[in-house]
Amino acid sequence: MLRIAHLLEAQLRAAMERALPEAAQAAGQPLDPQLAPASKPEFGDFQANGALPLAKPLGQPPRQIAQAIVAQLSADPAFSELCLEPVIAGPGFINLTLRPERLTAEVAERLADPRLGVPTAGEDAGGQLPAPVIVDFSSPNIAKEMHVGHLRSTIIGDCLARVLEFRGHPVLRLNHVGDWGTQFGMLITHLKQVAPEALTTADAVDLGDLVAFYRQAKARFDDDETFQATAREEVVNLQGGDPLSLKAWGLLCDQSRREFQRIYDRLDIALSERGESFYNPYLQAVVDDLKAAGLLVIDDGAGCVFLEGVSGKDGQPLPLIVQKSDGGFNYATTDLAAIRYRFAPAPEGDGAGRVIYVTDAGQASHFAGVFQVARRAGWIPEGASVEHVPFGLVQGEDGKKLKTRAGDTVRLRDLLDEAVERAEADLRRRLAEEERTEDEAFIQQVATTVGLAAVKYADLSTNRITNYQFSFDRMLALTGNTAPYLLYAVVRIAGIARKGGDLEGAGLAAAGDGAGALGWLSFTEPQEWALIRELLKLDGVIAEVETELLPNRLCSYLFELSQVFNRFYDQVPVLKAEEPARSSRLALCRLTADTLKLGLNLLGIPALERM
Ligand code: ARG
């Protein structure tokens with residue numbers, strides 16, 4: 001409906017200019033019709049509130065201003081083709097209702113459009129190819145287990161990448177893995193002593209052991225000064241390119257990488273690994289650049305940039321440390337090198353127009369600091385944007401940090417296994433109740449899809465900024481705002497086709513020439529119009545997710561659409577209706593299924609035909 005909204009906005013603006021030339025003159029800029037979706041369905045489709053703020057400057061009652069605008073609007077034949085006669089409500093709101101034949105024409109167009117009315121970013125920009133968007137997500141640390149925070153980043157980041165890709169942006173999905181720095185010094189030093197084979201032979205230890213070794217190494221590092229010194233030397237060896245250290249490092253990375261990949265494969269998530277080590281050759285240049293820009297201050301031996309507008313507890317300005325007093329670089333230096341590289345024009349860099357970082361909210365001040373320094377250093381081009389997409393903690397049902405019953409951190413693999421096992425148990429119970437027999441392959445496929453979909457959807461459907469309570473029972477429920485509920489709506493529509501409804505044919509007929517399509521699509525019932533209006537919101541919702549980066553908006557929309565569809569299907573006959581209602585309603589069923597499938601796909605969830 002965005003295209004219609006833009007048309008209406010232009011018509012309203014022109015009407016305002018004709019009705020109120022003095023106001024337009026005085027404002028020195030185009031008048032704003034303040035067009036918004038209607039606040040209640042009985043008010044129509046849109047409301048324009050632009051008359052109200054003009055009352056004071058014009059010294060006229062707002063209703064009178066609205067009247068003048070409406071008189072001009074009604075005189076515009078293009079407007080009358082779109083809308084019924086406007087209605088002035090309350091103090092001077094202009095309520096607008098689209099003509100039923102306009103809505104029907106929109107439905108016909110969407111039935112014929114594989115993109116369901118969602119334009120590409122290129123079309124928006126008049127055919128220009130948009131600059132790449134980088135989504136930095138997942139990004140676990142080598143030799144450490146991937147935790148639920150990384151799972152959130154993985155699921156949210158993948159969804160945002162999918163939405164941006166669907167809109168036609170060239171997207172780089174970057175896995176900024178923690179594969180560099182002090183942890184390797186510790187680990188290599190420790191392994192040299194306790195398990196040297198791990199440093200020379202692939203797969204000598206498994207990731208579980210590696211994580212345990214890392215924990216031991218960290219403990220020694222924290223209270224043994226000689227160990228600390230050796231570990232630091234190891235880091236220097238590694239960063240200096242010592243072949244043995246590099247080999248050991250490579251083996252350790254491979255091992256973790258394979259473990260991470262298993263999770264990505266299971267969740268059907270594509271990522272390109274470009275870890276912290278990639279930016280090693282650029283770290284010195286970052287510090288040099290900052291120095292040349294006059295931003296670098298040596299404080300207590302460390303290279304810092306003092307942040308503007310950010311002060312610590314004592315009121316002193318806070319520094320972003322970019323080079324430690326021992327000459328080493330840190331997480332912030334790497335992120336500065338990354339940002340510099342990502343915005344630098346190709347071939348020296350990625351030439352990105354937008355860079356998005358998906359991490360827990362705990363890193364907000366890190367990114368605020370990095371973004372500020374990058375901006376002041378001139379690395380972020382005009383018109384480009386850099387955004388941190390923060391999310392809250394994953395909590396158990398007790399509201400505390402998610403733990404296993406034994407009190408350990410939850411391993412992702414176990415968490416996904418449990419979701420699938422529970423989905424399988426639910427399914428077997430339901431099949432028994434419904435006295436259905438299905439083969440094992442069906443059961444496995446449905447349980448896997450539903451279990452993983454439930455985990456993803458539970459994460460995506462809550463506002464990411466708040467903490468989120470992990471509950472298998474809630475996420476697997478067949479009712480409420482859950483993945484099974486949405487999957488079930490798609491299955492229900494597939495069932496209509498199995499019962500003899502020609503869903504594909506309904507679409508194809510509409511795909512014919514516009515007039516022909518209009519000829520047979522015919523809607524009369526309020527439930528049909530409610531469903532149509534809901535279906536036509538898709539493009540607006542996607543545009544909103546694209547700018548605000550909030551997947552829960554898409555989830556709420558799909559949930560609302562399923563509910564409106566279910567109401568339609570429960571209250572209006574479809575297969576038993578007479579023509580042309582029957583075909584018209586089947587066409588709505590098909591468009592609903594296609595919209596739900598597209599939406600689920602953007603959430604990273606495959607739809608099922610039966611469940
Ligand atoms: N490895 C980090 C962590 O586990 C996340 C990295 C996020 N991306 C970035 N460019 N800093 O917390």
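Whatever order the structure lists ligands and atoms in, that order sets their numbers, starting from 1.
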Quiz item: Is there a donor-acceptor contact under 3.5 Å from the side chain of Tyr457 to the main chain of Cys555?
Solution: yes

Practice problem: Let me know which of Val386, Leu164, Ile134 forms a side chain to side chain contact (heavy atoms under 4.5 Å, CB included) with Ile356. | Solution: Leu164

Quiz item: Should the pair Arg173-Asp158 be classified as a salt bridge under the 4.0 Å nitrogen-to-oxygen rule?
Solution: yes

Quiz item: What class does the angle between the rings of Phe367 and Phe371 fall in, given that below 30° is parallel, 30 to 60° is tilted and above 60° is perpendicular?
Solution: tilted

Quiz item: Near ligand 1, which protein residues have a heavy atom under 4.0 Å away?
Solution: Asp136, Ser139, Asn141, His150, His176, Tyr331, Asp335, Tyr357, Thr359, Gln363, Phe367

Return all side-chain donor-acceptor pairs below 3.5 angstrom for residues 293-320, not counting sequence neighbours, or 'none' if the list is empty.
| from | atom 1 | to | atom 2 | distance (Å) |
| --- | --- | --- | --- | --- |
| Asp314 | OD1 | Gln316 | N | 3.1 |

Self-check item: Ring centroid separation His176 to Tyr279 under 6.0 Å
Solution: yes

